[in-house]
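Reading through the structure tokens given below for one structure.
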Amino acid sequence: MRLGLALGYWGRGPSPDHVPLAREAERLGYDSVWTAESWGSDAFTPLTWIAAHTSRIRLGTAVAQMAARSPATTAMHALTLDHLSGGRVMLGLGLSGPQVVEGWYGRPFPASPLTATREYVDVLRQVLRREAPVELAGRFHSHPYRGPDATGLGKPLKPITHPLRADLPILLGAEGPKNVAQTTRIADGWLPLYWSPTRPEVYGPALGDLPEGFLVAPMAQVRVCDDVAEGLLPVKAMLGFYIGGMGHTARNFHADLMARMGYEQQARRIQELFLSGRRQEAVLAVPDAFADEISLVGPRERIAERLELWRKGPVTDLLALAPDPRTLRVLAELNSR
């Protein structure tokens with residue numbers, strides 16, 4: 001199982017720790033470093049900055065949001081950074097949810113998310129292969145555009161710049177069983193948001209027969225500490241925000257996943273508290289058991305024991321949300337055993 005460093009997205013501003021952490025991860029033998037975006041910092045600019053300060057570690061987006069860019073624009077970002085970094089890019093994508101897609105990007109959330117994702121990946125593959133001009137008569141992504149307000153002057157194009165790699169890896173963030181199953185068919189890897197090594201059946205039967213070389217790369221908060229309950233508080237804060245605030249009461253993919261993992265009553269309670277403005281109570285309502293099973297928190301010996309559970313399943317890459325160099329070092333030592 002390879003290790004990656006997940007840096008997430010910025011809060012109020014850029015973190016001065018991200019480049020030093022990425023360089024330390026590279027020194028320790030980590031395979032990859034990952035950035036993200038929500039409705040603030042973008043994923044590609046920080047990754048480019050990190051690329052300029054490293055030489056070997058692979059560079060991934062976990063995730064770049066599909067609603068933020070047309071698929072051709074995303075392909076331009078990826079092929080440009082792939083050239084500048086010497087072929088180190090892995091393109092992780094996510095559809096996000098209606099709250100962000102419509103509220104931030106000002107675009108309609110697709111009526112058929114599976115179709116929209118499939119078309120998006122199709123365009124990306126065509127750009128990266130550069131075998132012919134891009135053409136797709138899609139429901140959501142049409143190349144050339146032929147909508148009712150089209151001029152009729154558009155023509156199929158292929159990129160001026162020759163992509164460095166036609167097989168640049170594409171990974172998808174997927175949560176529902178149908179989405180996970182499609183991901184195993186059209187992508188090179190899967191980025192689970194919440195991964196429980198003790199209940200892989202939650203994600204559907206597709207994980208039982210994965211294509212050769214397919215990447216399963218979940219993110220997990222990792223923290224070496226003496227007090228497990230205290231160490232779980234950042235995990236619970238993240239869960240409280242995503243389950244309570246990253247969606248509507250009627251449509252929240254994160255809350256739905258928590259429910260499928262056996263915590264339906266608690267998920268709805270977290271939503272209720274968060275959306276009524278009682279955010280701290282929402283965080284405290286996150287069960288320690290749920291936070292614990294999707295993270296690696298505690299003393300070194302406890303993390304070593306629990307790490308074995310992650311090794312036994314289909315996980316190929318553990319993307320660690322690790323806050324400090326010591327945690328990075330301990331995880332690298334334990335994984336090399």
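The residues of the chain are indexed from 1 along the displayed sequence. Please read these numbers as outputs of a predicted model, since none were measured by experiment.
No side-chain donor-acceptor contact under 3.5 Å links Arg300 to the backbone of Val330. Without hydrogens or angle criteria, Ser142 side chain to Pro144 main chain gives a donor-acceptor distance under 3.5 Å. Between the side chain of Glu119 and the backbone N or O of His141, at least one donor-acceptor pair lies under 3.5 Å. At least one donor-acceptor pair closer than 3.5 Å links the side chain of Tyr30 to the backbone N or O of Leu328. Of the possible polar contacts, none joining the Arg279 side chain to the Gly240 backbone as a donor-acceptor pair under 3.5 Å is found. At distances below 3.5 Å, not a single donor-acceptor pair connects side-chain atoms of Ser295 with backbone N or O atoms of Val297. Arg130 places no side-chain N or O within donor-acceptor distance of the main-chain N or O of Pro163, the cut-off being under 3.5 Å. In this structure, Ser196 contributes its side chain and Ile294 its backbone to no donor-acceptor pair below 3.5 Å. Judged by distance alone, the side chain of Arg139 and the main-chain N or O of Thr115 form no donor-acceptor pair under 3.5 Å. Formation of a donor-acceptor pair under 3.5 Å by the Arg306 side chain with backbone atoms of Asp292 is found in this model.
Pairing each heavy atom of Met219 with each of Ala62, the nearest pair is CE-O, 3.8 Å. Smallest separation of non-hydrogen atoms from Ile170 and Ala187: O-CB, 3.4 Å. A pairwise comparison of heavy atoms in Leu284 and Lys236 identifies O-NZ, 3.8 Å as the closest pair. Shortest non-hydrogen contact noted between Pro314 and Val216 is O-CB, 3.5 Å. Shown here for Ala267 and Met258, the closest heavy-atom pair between the two residues is CB-SD, 3.8 Å. Shown here for Leu114 and Gln182, the closest heavy-atom pair between the two residues is O-NE2, 3.1 Å.
Within 6.0 Å of atom NZ in Lys158, more than 12 heavy atoms from other residues, nucleotides or ligands are found, so the atom counts as buried in its surroundings. The local environment of CD in Glu333 is crowded, with over 12 non-hydrogen atoms from other residues, nucleotides or ligands closer than 6.0 Å. The environment of CD in Glu201 is crowded: more than 12 heavy-atom neighbours from other residues, nucleotides or ligands sit within 6.0 Å. For Trp104, the CH2 atom sits in a loose shell: 12 or fewer heavy atoms of surrounding residues, nucleotides or ligands are nearer than 6.0 Å. Summarising the local packing, CE of Met1 is surrounded by more than 12 heavy atoms from other residues, nucleotides or ligands at distances under 6.0 Å.
Between Pro197 and Val315, the closest side-chain pair of non-hydrogen atoms is not below 4.5 Å. For the pair Gln126/Arg129, a side-chain contact is recorded, criterion being any heavy-atom separation below 4.5 Å from C-beta on. The shortest side-chain heavy-atom distance between Leu128 and Pro159 does not fall under the 4.5 Å cut-off. Under the 4.5 Å side-chain criterion, counting only non-hydrogen atoms from C-beta, Val19 is in contact with Ile50. At a threshold of 4.5 Å between non-hydrogen side-chain atoms, the residues Thr74 and Met66 do not count as touching. In this structure the side chain of Leu157 never reaches within 4.5 angstrom of the side chain of Val134, judged on heavy atoms. A 4.5 Å side-chain heavy-atom check between Pro323 and Arg223 finds at least one atom pair inside the cut-off. Taking 4.5 Å as the limit, some side-chain heavy atom of Pro200 sits within range of a side-chain heavy atom of Trp195.
Distance check: Arg88 CZ to Leu164 CG gives 12.0 Å after rounding to the nearest 0.5 Å. We find the CG-CG distance between Leu307 and Leu3 to be 7.5 Å, quoted to the nearest 0.5 Å. Taken from CD in Glu131 to CZ in Arg125, the straight-line distance is 12.0 Å, to the nearest 0.5 Å. Separating the CZ atom in Arg146 from the OG1 atom in Thr151 is a distance of 11.5 Å, to the nearest 0.5 Å. Taken to the nearest 0.5 Å, the CG atom of Leu273 stands 12.5 Å off from the CD1 atom of Ile243. Within the model, atoms CG of Asp317 and CG of Leu215 stand 5.5 Å from one another, a figure rounded to the nearest 0.5 Å.
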So Phe290 and Gln266, side-chain contact (heavy atoms from CB on, under 4.5 Å) or not? Walk me through it. CA-CA 10 Å; Phe290 179 54; Gln266 296 94 326; over 6 Å; no
CA sep, side-chain torsions, deciding dist, call: Glu24, Arg27, salt bridge (charged side-chain N to carboxylate O under 4.0 Å, His left out): CA-CA 5 Å; Glu24 178 66 3; Arg27 188 189 69 80; 2.8 Å; yes
Decide yes or no on side-chain contact (heavy atoms from CB on, under 4.5 Å) for Ile270 and Leu239, but give the supporting numbers first. CA-CA 9 Å; Ile270 293 165; Leu239 289 169; over 6 Å; no
Go through the steps to decide whether Leu193 and Tyr242 satisfy the test side-chain contact (heavy atoms from CB on, under 4.5 Å), and finish with yes or no. CA-CA 10 Å; Leu193 182 59; Tyr242 272 74; 4.2 Å; yes
Go through it in stages, so that I can follow the logic: the residues are Tyr105 and Ser96, the test is side chain to side chain donor-acceptor pair (under 3.5 Å), and I'd like the CA-CA distance, side-chain angles, deciding distance and then a yes or no. CA-CA 11 Å; Tyr105 295 114; Ser96 194; over 6 Å; no
As a quick check of understanding, evaluate side-chain contact (heavy atoms from CB on, under 4.5 Å) for Val33 and Leu59, giving each step before the final call. CA-CA 5 Å; Val33 57; Leu59 310 159; 3.8 Å; yes
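Using a 4.0 Å cut-off between charged nitrogen and carboxylate oxygen, Glu272 and Arg269 count as a salt-bridge pair. Salt-bridge check for Asp31 with Arg56: failed, with every basic side-chain N at 4.0 Å or more from each acidic carboxylate O. Look at Glu26 and Arg23 and you find no salt bridge, because none of the NZ, NE, NH1 or NH2 atoms lies under 4.0 Å from a carboxylate O.
There is a path of hydrophobic side-chain contacts, each under 4.5 Å, that joins Phe214 to Leu207. Hydrophobic clustering places Tyr120 together with Phe109 (ILVMFWY residues linked when any side-chain heavy atoms are closer than 4.5 Å, directly or through intermediates). Met238 and Met261 fall within a single hydrophobic cluster, where Ile, Leu, Val, Met, Phe, Trp and Tyr side chains are chained together by heavy-atom contacts under 4.5 Å. Tracing side-chain contacts under 4.5 Å through hydrophobic residues (I, L, V, M, F, W, Y), one reaches Trp49 starting from Val89; they form part of the same cluster. By the rule that hydrophobic residues join a cluster once side-chain heavy atoms approach within less than 4.5 Å of another member, Leu7 and Tyr9 end up as members of one cluster.
In this pair, Trp190 and Tyr203 present their aromatic rings perpendicular. The plane angle is above 60°, beyond the 30 to 60° band.
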